[in-house]
Amino acid sequence: MLSLEQIVRDPEKFRTALVRRGEDPPIDRILELDSRRKQLIQDGDVDRARRNNVSKAIGAEKRKPTLEEIAEMRETGERIKTVEAELATVLTELNVTLLPIPNPPLADVPDGLDEESNVIIRTSEGTTETHGNAHWNVATELGILDLEAGASISGARFYVLKGKGAKLQRAIGAWMLDVHTEEHGYTEIDPPLLVRGETMTGSGNLPKFKENLYRDDESDLWLVPTAEVALNGLHQGKIIDPDTLPLKYVAQTPSFRKEQTSAGRDVRGIKRVHQFEKVEMFRYVKPETSDEMLEEMVGEASTLCERLGLTYRVIQLCAGDIGFQSAKTYDIEVWSPGCAEWLEVSSISTCTDFQTRRNNTRYRPEVGASTKLPHTLNGSGLALPRIWIAVIENGLQEDGSIVIPEVLVPYTGWDRIEAK
RNA sequence: GGAGGGGUGGCAGAGCGGUUGAAUGCGCUUGUCUUGAAAACAAGUAUGGCGGUAACGUCAUCGCAGGUUCGAAUCCUGUCCCCUCCGCCA
């Protein structure tokens, strides 16, 4: 959510920034609602002050109120109720207006409205050859992936990993978690996957992206589309001890997405599915450090690709392509020779104070100072089925077997998936 | 699922219709004392809105939402969460 105070102070700044994302924010309406809000607050306060005075006097004098006082205070009470009702309407409308407005991009985010304008920051060493043996063929033949079983159990875009395929995924996840916790200083979290609507609103997924979320109506709980949602809710409504910043969390969880808006895209194999595992990094940081923290996280995700021996590239998204809650985003893509394409395996963003304002997460820079909103950053480190695809397709040998990256061997217990 | 108990400031914990934003203790900050620290003593110490350059004033907030009342932390209703016991269950 955007800061109402900041919008009122410099409306044009917000308008221009949001126009870069291809948005046409209702700034004028917001300003109008805000001045109405201020007026109503003042009107109500005058009446309330009077009522407080009279009540205090009666209490101090230990007497019964006079009939005139009762009549007058009844009237005052009615007026207060009317003003409060109108204020509530105005506040609701302000909220409804502000919640669907995305985070304005930072100044150094490149212009552009779609992925055409994204910028390749760097490409690693390594092959970008193709061999045409996509995972949906190779892995199915090896008996480690069963797309038909997935479809039969749950429908399209669900899949089953079997045997060494399942173990491989488990190994990749465990290895990545270990690198993050042991080398990058993250604390591992195992959060709930079903969350309240408020938590979903705090992260920015509601109200705007309802159609991509699974929900249980009976209990009014939502399935997380990424661990980011849960990690973002970890401190909602709380004041964080400044000495603990930056707080670094990592979690491996399934992500549940309806993918209704990507109908027809990536339909083959397991590039885009309704349920997938992902290791997610998440940080709460002091605002002045968030730029440097973002770069650090890009480094952390990159090193994983590197150690897996994958060719990867880092892309900076343009203003029109960054996610709703993001102010600046880098994607990491790995080369997969079977699908013959770059697969997005990580998206790393700074959300500035957009999420912490929504869920009222604060910190007090020093004793006695007033509270501030920390910044949040999130990044995949990394997304599993796609890394699994890349490991399979890159490891494919002439004889049809798959060679596993060395770093994973302590986790799998074997270095190869034998050809059939 | 059944029966009870409870949600008050950073924490613990009073208050149960009126001068209560809220006793007291702990914690924290500052000062006195001390070579320094500790102890002791003193003062201060919630968040947010609105007005104001500011000093300051004012309003709101005792889980949340309604209601009763001239007046609600205190009474009523609903709701969420926590705890205890019983039942069921991985």
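Note on A:Arg37: every side-chain N or O is 4.0 Å or more away from OP1 and OP2 of B:G49. Within the structure, every side-chain polar atom (N or O) of A:Asn52 is placed at least 4.0 Å from both OP1 and OP2 of B:U58.
Within the nucleic acid shown, A:Glu69 has no heavy atom closer than 4.0 Å to any nucleic acid atom. Among the atoms of the strands shown, only primed sugar atoms or phosphate atoms (P, OP1, OP2) are found under 4.0 Å from some heavy atom of A:Arg196.
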Test salt bridge (charged side-chain N to carboxylate O under 4.0 Å, His left out) on A:Glu93 and A:Arg29 and set out the steps. CA-CA 10 Å; A:Glu93 194 180 337; A:Arg29 181 67 186 143; 2.7 Å; yes
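Comparing atom distances between the A:Ser55 side chain and each of B:G71, B:U19, B:C50 picks out B:G71 as nearest. Side-chain atoms of A:Ile41 lie closest to B:G49 of the nucleotides B:C70, B:G49, B:G51.
As rounded to whole Å, 12 Å separates atom C1' of B:A60 from atom CZ of A:Arg51. Rounded to whole Å, the distance from NZ on A:Lys56 to C1' on B:A72 is 14 Å. Straight-line distance from the CD1 atom of A:Ile58 to the P atom of B:U69: 16 Å, rounded to whole Å. Put simply, CD1 on A:Ile80 is 21 Å from P on B:G49, counting in whole angstrom units. For the pair A:Leu94 CG and B:G49 C1', the computed distance is 13 Å after rounding to whole Å. Atom CZ of A:Arg74 is separated from atom P of B:G71 by 8 Å (rounded to the nearest Å). Rounded to whole Å, the distance from CZ on A:Arg48 to C1' on B:A60 is 7 Å. Here B:G10 presents its P atom at 17 Å from NE2 of A:His235, a figure rounded to the nearest Å.
In a base pair of the Watson-Crick type (N1 to N3 plus N6-O4 or O6-N4) or a G-U wobble (N1-O2 and O6-N3), with each distance short of 3.5 Å, B:G36 is matched with no nucleotide. In this structure, B:A55 makes no Watson-Crick or G-U wobble pair, since no nucleotide meets both defining distances under 3.5 angstrom. Partner assigned to B:G21 is none, using Watson-Crick or G-U wobble distances below 3.5 angstrom. Pairing of B:G10, defined by two Watson-Crick or G-U wobble distances under 3.5 Å, is identified with B:C26. As the counterpart of B:G1, B:C86 is assigned, both hydrogen-bonding distances of the Watson-Crick or G-U wobble pattern falling under 3.5 Å. Taking a pair to require two hydrogen-bonding distances under 3.5 Å in either a Watson-Crick or a G-U wobble arrangement, B:G71 remains unpaired. The partner of B:A60 is B:U47, by the rule that a Watson-Crick or G-U pair needs both atom distances under 3.5 Å. Base pairing of B:U77: its partner is B:A65, meeting the Watson-Crick or G-U wobble criterion (both donor-acceptor distances under 3.5 Å).
As rounded to the nearest Å, B:U69 and B:G63 have P atoms that lie 23 Å from one another. Nucleotides B:A65 and B:G25 have their C1' atoms positioned 34 Å apart, rounded to a whole Å. The gap from the P atom of B:C59 to that of B:G71 amounts to 16 Å, rounded to the nearest Å. Spacing of C1' atoms, B:U8 relative to B:C82, comes out at 15 Å, to the nearest Å. A distance of about 34 Å separates the C1' atoms of B:U77 and B:U24, rounded to the whole Å. Taking the P atom of each, B:G10 and B:G66 are spaced 23 Å apart, rounded to whole Å. If you take atom C1' in B:G17 and the same atom in B:C75, they sit 8 Å apart, rounded to whole Å. Only the C1' atoms considered, B:A38 is 12 Å distant from B:C33, to the nearest whole Å.
Atom NZ of A:Lys248 and atom CD1 of A:Ile189 lie 14.0 Å apart (nearest 0.5 Å).
In this structure, A:Lys258 satisfies the cation-pi test against A:Tyr214, with its NZ or CZ atom closer than 6.0 Å to the six-membered ring centre and inside 45 degrees of the ring normal.
Comparing A:Lys64 and A:Met73 against RNA chain B, the residue whose closest nucleotide sits nearer the 5' end is A:Lys64. Projected onto RNA chain B by closest heavy-atom contact, A:Arg362 and A:Gly59 fall at different nucleotides, the more 5' of which corresponds to A:Gly59.
A distance-only check finds a donor-acceptor pair linking the side chain of A:Ser55 to the backbone of A:Arg51 [under 3.5 Å].
Minimum interatomic distance between A:Arg21 and A:Gly323 (heavy atoms only, all atoms of both residues): NH2-O, 3.1 Å.
Interface remark: the A:Asp45 side chain does not form any donor-acceptor pair with the B:G51 base, using a distance-only criterion of under 3.5 Å.
Counted within 6.0 Å of CD on A:Glu406, heavy atoms from surrounding residues, nucleotides or ligands total 12 or fewer; the atom is thus considered open.
When A:Arg50, A:Arg74, A:Arg63 are each tested for a salt bridge (Lys or Arg N to Asp or Glu O under 4.0 Å) with A:Glu69, only one passes: A:Arg63.
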